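What follows is a single structure, written as structure tokens, with notes after it.
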Amino acid sequence: MELTIECKSRDAKAKPNALRREGLLPVVLYGHQGTESVSLTVNQKDADLLLRKAAVNNTMIDLKIPDMPWNGKALLREVQAHPWKKTVYHLSFFAVKAQDFVEVGVVLNFVGEPTGVKDDGGVLNTEINEVTVKCKAIDIPEAIEVDVSGLAVGDSLTVADLVLPEGAVVAGDQTQTIATVLQGRMAEGEGEAEAAAE
């Protein structure tokens, strides 16, 4: 998913609270010129709309800055919000080129009903719901589909079993378990009753 938002340069003397009273949100952009960062503002309503669709370290955003010579693509790196009001008060972006490799968090989308659940009363147990993927910025997947329909009771899937976009790899332990079909309590009880009857 790629989104667009327009930012403006921020006066270094401008105080964050004063900006927020004007309906503006302080923003920092990193990586557009090496280690140099630049202070920006964005309309609060535009930021709220963006955050309904964008995820930290997952969504490419087309950053438009009319009063700067730089315009380009960036990843949403950080969202700072009030701990209980949940009001957003600061955003950070990191500039990337389409061919740059980035590490991003990608959600796992489990699909299908395992045969062990459907036929044998088992229970699907998901161990993790997100993995860190290294891929080109232009190829960031919104989610990774995990088909669990072929799992019988006792079967499991690991990170190595994931089907990834071409050129993408999962950072971390390839043997980590993603999902397992466990023996269901009802099935266990039936087994014990049968054993007792014998």
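This structure is a prediction, so every number in the text was calculated from the model and none was measured.
With hydrogens and angles disregarded, no donor-acceptor distance shorter than 3.5 Å links the side chain of D48 to the backbone of K45. Proximity of a side-chain donor or acceptor of N58 to a complementary backbone N or O of G105 within less than 3.5 Å is detected. Remark: the backbone N or O of V181 is not paired with any side-chain donor or acceptor of N125 at under 3.5 angstrom. T115 places a side-chain N or O within donor-acceptor distance of the main-chain N or O of L151, the cut-off being under 3.5 Å. With R10 contributing its side chain and V27 its backbone, the two residues share a donor-acceptor pair below 3.5 Å. At least one donor-acceptor pair closer than 3.5 Å links the side chain of Q174 to the backbone N or O of V170.
In terms of the side chain to side chain donor-acceptor pair (under 3.5 Å) criterion, residue partners of N17 (sequence neighbours excluded) are, by chain and number, R20. Applying the salt bridge (Lys or Arg N to Asp or Glu O under 4.0 Å) test to K134 and every residue at least two apart in sequence or in another chain returns nothing.
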Worksheet item: So L124 and V148, side-chain contact (heavy atoms from CB on, under 4.5 Å) or not? Walk me through it.
Response: CA-CA 9 Å; L124 177 65; V148 295; 4.1 Å; yes
Worksheet item: Under the side chain to side chain donor-acceptor pair (under 3.5 Å) criterion, do Q44 and D46 qualify, and how do the steps go?
Response: CA-CA 5 Å; Q44 179 77 55; D46 291 344; over 6 Å; no
Worksheet entry | From CA spacing to verdict: side-chain contact (heavy atoms from CB on, under 4.5 Å), T158, I178 | CA-CA 5 Å; T158 66; I178 295 169; 5.6 Å; no
Worksheet entry | Check against side-chain contact (heavy atoms from CB on, under 4.5 Å), L29 and I65 | CA-CA 11 Å; L29 171 67; I65 313 173; 4.1 Å; yes
Discussion item. One pair to check against side-chain contact (heavy atoms from CB on, under 4.5 Å): V28 and F93. What are the steps and the verdict?
Written reply: CA-CA 6 Å; V28 174; F93 293 102; over 6 Å; no
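As a member of the Ile/Leu/Val/Met/Phe/Trp/Tyr network built from side-chain separations under 4.5 Å, V169 groups with nothing else and remains a singleton.
One distance of note links CG of L164 with CD1 of I144; it measures 5.0 Å at 0.5 Å rounding. Here the OG-CG distance, from S92 to L75, works out to 12.5 Å after rounding to the nearest 0.5 Å.
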